[in-house]
Amino acid sequence: MQRTAVRRVLPGLAMLTALAAGAAGLTGCSGASDGRSTSDSKAGGSSAAPAQPGKYRSLPAPCRAAADSKKLKAMLPEPDGLTPEQRDQLYAGVADASYDGDRHVGCRWTSQTPEETRLLSVGFERVVSYDRGAASDDDKAKQVYVRLLTDAHLPFPGPATTPGQGAANPPGPAASPPPPAAPPASGAPSAGAPSAGAPAAGTPAPGTSPSAQPELGSRVLEGLGTEAFLDDKLSAAGATAAQSRTVRIVFRTSNVIVKVEYSVQPTLPGTIPPSGETQDRARQLAQALAERFNE
């Protein structure tokens, strides 16, 4: 009887042992599969490293950065009768109010003489990207510069036209010369002869200056910072108001935008500030500021 009972129990124990071993194997396979899926998900979810911060982490004091005595004295003539303290105050400038000296700073100067009033301002803006995974500080600064360039209605610089670009469309045959004109009637002036009272060729029209300075206009600049442009504005002429000229230079160096604005306002009507001289003085100061950032 005992042997019969043992024989009946042993197959049941063997079956329970086999079931337990199978369950353990399934658990191990499931854990390995979960481990592979976890590692795969981690590998697939990795993202690119964020861009490094911009080159400039702070801004220089604009009043001191532009304090070149020779350039400032050329741009801002000293009125007569100033005391040494007043002269120092004139060229020291007045700092703009700023709530974040590491992001926006500026400085202004004013010079008044009996002949004219001159205004000068310098501003620095440090551009920061709040999502460097999507755009770097330099990328954001470039976007700011392009917006300023567009507001000035200047074209974005592109590739130059190649010399052979128009070779595909050769010019057509030359037109035949026009027939000779009929001789003028007796007593009538010839077509090329000036009428009575008209100025001869090469003579300036009344009211115009024979030594008028050429207008250089607004344009994109080269050799100044990373990219730069110049905006030249001349106010409208009036019977009693003098024309003022304002030259604004904007350039980018890495993640900093620099603005230089120089305005000349004559006192007497009919006086026009020369374009070349005004632009040259503003550009010399802008070049000195660009070198200051590269130190």
Side-chain angles (χ1 to χ4, degrees), residues 47-63 65-66 75 95-108 119-162 165 215-235 244-263 275-276 278-295:
S47 58
Q52 294 295 322
K55 178 180 179 180
Y56 301 104
R57 309 289 184 89
S58 61
L59 294 172
C63 294
M75 302 177 77
D96 294 344
S98 175
Y99 298 99
D100 189 350
D102 288 335
R103 293 292 305 276
H104 296 87
V105 290
C107 191
R108 298 177 182 275
L119 307 173
L120 172 65
S121 66
V122 170
F124 304 150
E125 177 184 357
R126 187 173 67 92
V127 182
V128 176
S129 173
Y130 293 102
D131 185 6
R132 287 201 294 269
S136 65
D137 292 349
D138 282 22
D139 294 336
K140 284 292 184 181
K142 186 176 183 65
Q143 294 176 11
V144 174
Y145 171 82
V146 170
R147 184 171 66 250
L148 294 171
L149 182 70
T150 304
D151 292 342
H153 304 289
L154 288 174
F156 192 78
T161 305
T162 56
Q165 189 170 358
E215 290 291 323
L216 301 182
S218 305
R219 62 195 183 278
V220 173
L221 299 177
E222 295 182 357
L224 180 60
T226 307
E227 48 195 348
F229 70 86
L230 182 151
D231 189 17
D232 189 334
K233 300 294 185 185
L234 184 64
S235 65
S244 63
R245 182 182 300 278
T246 300
V247 172
R248 184 172 62 112
I249 295 179
V250 177
F251 71 88
R252 178 179 74 87
T253 172
S254 186
N255 61 316
V256 170
I257 304 293
V258 178
K259 300 176 184 178
V260 176
E261 187 169 306
Y262 182 44
S263 179
S275 176
T278 309
Q279 289 191 14
D280 285 344
R281 289 175 176 172
R283 186 166 182 174
Q284 289 175 11
L285 179 59
Q287 188 66 50
L289 293 175
E291 294 171 0
R292 167 68 175 81
F293 275 92
N294 291 331
E295 292 177 354

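Taking both residues in full, the closest heavy atoms of Phe251 and Ala286 are given as CE2-O, 3.7 Å, listed atom of the first, atom of the second, then distance. The two residues Leu230 and Leu154 make their nearest non-hydrogen contact at O-CD1, 3.8 Å. Looking at every heavy atom in both residues, Ser254 comes nearest to Ala141 through O-CB, 3.6 Å. Nearest heavy-atom pair across Ala65 and Leu289 is O-CD2, 3.7 Å. The heavy-atom pair separating Leu149 from Pro155 by the smallest distance is CD2-O, 4.1 Å. Residues Ser275 and Leu216 share a closest heavy-atom pair of OG-N, 3.2 Å.
Partners of Asp232 by salt bridge (charged side-chain N to carboxylate O under 4.0 Å, His left out), not counting sequence neighbours, listed by chain and number: Arg245. For the side-chain hydrogen bond (donor to acceptor under 3.5 Å, both in side chains) test, residues two or more places apart in sequence or in another chain that qualify with Arg219 are Gln279. Under the side-chain hydrogen bond (donor to acceptor under 3.5 Å, both in side chains) criterion, Asp139 pairs with Ser136, not counting sequence neighbours. Not counting sequence neighbours, Ser121 has no partner by the side-chain hydrogen bond (donor to acceptor under 3.5 Å, both in side chains) test. Remark: Thr278 engages no residue in a side-chain hydrogen bond (donor to acceptor under 3.5 Å, both in side chains) (not counting sequence neighbours). Take Glu125 and apply the salt bridge (charged side-chain N to carboxylate O under 4.0 Å, His left out) test, not counting sequence neighbours, and it matches no residue. For Asp96, the salt bridge (charged side-chain N to carboxylate O under 4.0 Å, His left out) partners are Arg108, not counting sequence neighbours. Residues satisfying the ring-ring contact (aromatic ring centres under 6.0 Å, His included) test with Phe124, not counting sequence neighbours, are Phe293. For the side chain to side chain contact (heavy atoms under 4.5 Å, CB included) test, residues two or more places apart in sequence or in another chain that qualify with Ala282 are Val247, Ile249, Tyr262. For Arg283, there are no salt bridge (charged side-chain N to carboxylate O under 4.0 Å, His left out) partners two or more places apart in sequence or in a different chain.
When side chains are defined from C-beta on, Val127 does not count as touching Arg252, because their heavy atoms never get closer than 4.5 Å.
Listed by first and then second residue, the side-chain hydrogen bond (donor to acceptor under 3.5 Å, both in side chains) pairs that reach into residues 140-153 are Lys142-Glu227, sequence neighbours excluded. The stretch residues 53-63 participates, sequence neighbours left out, in these side-chain hydrogen bond (donor to acceptor under 3.5 Å, both in side chains) pairs: Tyr56-Thr253.
Counting only distance, with no hydrogens or angles, the side chain of Thr246 and the backbone of Ser263 share no donor-acceptor pair below 3.5 Å.
Interatomic distance, NZ of Lys233 versus OG of Ser218, reported as 5.0 Å (0.5 Å rounding).
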Between Leu120 and Leu285, is a side-chain contact (heavy atoms from CB on, under 4.5 Å) present by the stated rule, with each step listed? CA-CA 10 Å; Leu120 172 65; Leu285 179 59; 3.9 Å; yes
Any chance you could lay out the side chain to side chain donor-acceptor pair (under 3.5 Å) test for Ser129 and Asp137, step after step, and finish with the verdict? CA-CA 5 Å; Ser129 173; Asp137 292 349; 4.6 Å; no
